[in-house]
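What follows is a set of notes on a single structure, which appears directly below.
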Amino acid sequence: MRFGVVVFPGTWSDCDFHYVVSEVLHQPVRYVWHRERELRDLDCVILPGGFSYGDYLRCGAMAAHSPIMREVRSKAAQGTPVLGICNGFQVLTEAGMLPGALLPNRSLRFTCRDIHLRVENSQTIFTCGYQVGQTIRVPVAHHDGNYTADADTLDRLEGEGRIAFRYCGADGEISETQNFNGSARAIAGILSNSRIVLGLMPHPENATDPLLGGTDGKAFFEGLVGALQ
């Protein structure tokens with residue numbers, strides 16, 4: 001599998017993804033500068049975390065109009081998986097590739113710590129390394145991760161099985177306390193209608209090596225590679 005990690009001005013987790021793909025998964029990977037217009041050689045596109053364009057206007061709003069995003073949309077329409085993590089999730093919503101929006105955390109503070117997620121759907125290329133109901137521990141690092149959408153959209157996401165992960169406690173229970181950023185229905189990650197695009201606020205790429213304090217994110221990437229090979 002050939003991975004591409006898109007780099008916008010202000011991106012910061014591009015190197016983390018490059019390390020995971022090349023050193024943990026042992027798959028070919030290259031950086032894709034946001035001004036590029038060709039992704040023909042890639043089997044999976046990653047929009048990493050960061051502060052693209054300094055988060056001016058809205059998080060991800062300017063990056064959504066970068067030249068590369070036209071090709072990202074085209075690749076997704078052709079069936080190429082697209083993964084947006086943190087700022088990448090924000091870019092996907094701003095680009096209209098996923099519904100809803102990411103608002104400031106209800107604390108109005110940047111949050112950087114480990115949290116727990118519950119797997120809501122394991123029947124996708126992104127989540128097949130887990131079991132439904134499984135609880136995993138991964139880091140978050142965001143100020144604007146409060147997922148919101150209108151009631152009809154939320155109901156549709158629920159009914160179509162497009163909620164991939166929710167914030168929860170270590171025991172898997174959903175509560176307002178564990179839903180630290182105030183996301184609607186504790187949503188941490190959602191899938192596109194085709195299930196080929198995933199937006200996720202937490203950082204599984206930073207939970208793939210014991211040196212980082214945990215490896216719960218490793219199955220995320222191993223499952224993805226296994227599903228596509």
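Just the heavy atoms: all of them, side chains too, but no hydrogens, waters or symmetry mates, feed the values below. Positions are given from 1, in the same order as the sequence printed here.
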Return yes if some donor-acceptor pair links the side-chain N/O of [X] with the main-chain N/O of [Y] below 3.5 Å, else return no.
X: Thr208; Y: Lys218; result: no
X: Glu36; Y: Trp33; result: yes
X: Ser122; Y: Gln131; result: no
X: Asp144; Y: Leu102; result: no
X: Thr124; Y: Phe126; result: yes
X: Arg2; Y: Pro28; result: no
X: Gln27; Y: Met1; result: yes

Around atom [atom1] of [X], are there more than 12 heavy atoms from other residues, nucleotides or ligands closer than 6.0 Å?
X: Arg30; atom1: CZ; result: yes
X: Phe110; atom1: CZ; result: yes
X: Gln123; atom1: CD; result: no
X: Arg106; atom1: CZ; result: yes

Return the orientation label for the Phe89 and Tyr147 ring planes: parallel under 30°, perpendicular over 60°, tilted otherwise.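 Plane angle under 30°, so parallel.
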
Can you say whether the rings of Tyr130 and Phe220 are parallel (under 30°), tilted (30 to 60°) or perpendicular (over 60°)?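 Judged by the thresholds at 30° and 60°, the geometry between Tyr130 and Phe220 is tilted.
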
ILVMFWY network linking Leu25 to Val5, side-chain heavy atoms under 4.5 angstrom: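 Yes; tracing contacts between hydrophobic side chains, which count when under 4.5 Å, links both residues.
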
Is there a chain of hydrophobic side chains (I, L, V, M, F, W, Y, each step under 4.5 Å between heavy atoms) that links Leu212 to Ile46?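 Looking at the clustering, Ile46 is in a separate group from Leu212.
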
Work out which heavy atom in [X] is nearest to a heavy atom in [Y]; give both atom names and the distance.
X: Gln90; Y: Cys59; result: OE1-CB, 3.1 Å
X: Leu191; Y: Gly161; result: CD1-O, 4.0 Å
X: Ala76; Y: Val197; result: CB-CG2, 3.9 Å
X: Gly189; Y: Leu200; result: CA-CD1, 3.9 Å
X: Val132; Y: Glu120; result: CG1-O, 4.1 Å
X: Gly60; Y: Val91; result: CA-CG2, 3.8 Å

Does the separation of the ring centres of His142 and Trp12 fall below 6.0 angstrom?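 Distance test on ring centres: not under 6.0 Å, no.
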
Does the gap between the ring centers of Tyr53 and His65 come in under 6.0 Å? no

Atom pair [atom1]/[atom2] of [X] and [Y] - distance to nearest 0.5 Å:
X: Glu71; Y: Arg40; atom1: CD; atom2: CZ; value: 8.0 Å
X: Leu224; Y: Cys44; atom1: CG; atom2: SG; value: 5.0 Å
X: Leu198; Y: Ile85; atom1: CG; atom2: CD1; value: 6.0 Å
X: His143; Y: Asn105; atom1: NE2; atom2: CG; value: 6.5 Å
X: Ser183; Y: Asn146; atom1: OG; atom2: CG; value: 5.0 Å
X: Thr80; Y: Ile196; atom1: OG1; atom2: CD1; value: 7.5 Å

Less than 4.0 angstrom from a charged side-chain N to a carboxylate O is my criterion; do [X] and [Y] meet it?
X: Lys75; Y: Asp43; answer: no
X: Arg137; Y: Asp216; answer: no
X: Arg166; Y: Glu158; answer: yes

Any [X] side-chain heavy atom under 4.5 Å of [Y] side chain:
X: Tyr56; Y: Phe51; result: no
X: His34; Y: Val7; result: no
X: Val72; Y: Leu39; result: yes
X: Asp14; Y: Tyr19; result: no
X: His116; Y: Ile136; result: no
X: Ser66; Y: Arg35; result: no
X: Val45; Y: Pro81; result: no
X: Met97; Y: Arg73; result: yes

Checking Phe165 against Ile163 for the side chain to side chain contact (heavy atoms under 4.5 Å, CB included) test, could you report, in this order, the C-alpha distance in whole Å, the side-chain angles of both residues, the deciding distance, and whether it holds? CA-CA 6 Å; Phe165 298 93; Ile163 298 175; over 6 Å; no

Mark yes or no: Arg113 above the aromatic ring of Phe180, with NZ or CZ under 6.0 Å from the six-membered ring centre and no more than 45 degrees from the axis. yes

Any donor-acceptor N or O pair under 3.5 Å, side chains Asp16, Asn206: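 Result is yes, a qualifying pair exists.
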
Side-chain H-bond candidate by donor/acceptor type, Ser74 with Gln78, under 3.5 Å: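 Short answer, yes.
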
Checking Arg185 against Asp155 for the salt bridge (charged side-chain N to carboxylate O under 4.0 Å, His left out) test, could you report, in this order, the C-alpha distance in whole Å, the side-chain angles of both residues, the deciding distance, and whether it holds? CA-CA 10 Å; Arg185 306 188 189 182; Asp155 287 343; 2.8 Å; yes

Would Asn87 and Ser52 count as a side-chain hydrogen bond (donor to acceptor under 3.5 Å, both in side chains) if you check the C-alpha gap in whole Å, the side-chain angles of each, and the deciding distance to 0.1 Å? CA-CA 7 Å; Asn87 188 224; Ser52 57; 2.8 Å; yes

Determine, step by step, whether Phe8 and Met69 satisfy the side chain to side chain contact (heavy atoms under 4.5 Å, CB included) criterion, reporting the C-alpha distance in whole Å, the side-chain angles of both residues, the deciding distance to 0.1 Å, and the verdict. CA-CA 11 Å; Phe8 301 101; Met69 288 306 297; 4.1 Å; yes

Test side chain to side chain contact (heavy atoms under 4.5 Å, CB included) applied to Leu117 and Thr135, step by step: CA-CA 6 Å; Leu117 296 176; Thr135 300; over 6 Å; no

Given Arg162, which of Thr153, Asn121, Asn193, Ile187 fulfils the side chain to side chain contact (heavy atoms under 4.5 Å, CB included) condition?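 Per the side chain to side chain contact (heavy atoms under 4.5 Å, CB included) rule, the option paired with Arg162 is Asn193, out of Thr153, Asn121, Asn193, Ile187.
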
Is there a side chain to side chain contact (heavy atoms under 4.5 Å, CB included) between Ile115 and Val138 once you walk through the steps? CA-CA 6 Å; Ile115 54 88; Val138 293; 4.2 Å; yes

Set of residues satisfying ring pair (Phe, Tyr, Trp, His ring centres under 6.0 Å) with respect to Tyr31, sequence neighbours excluded: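 For Tyr31, the residues satisfying ring pair (Phe, Tyr, Trp, His ring centres under 6.0 Å) (neighbours in sequence not counted) are His18.
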
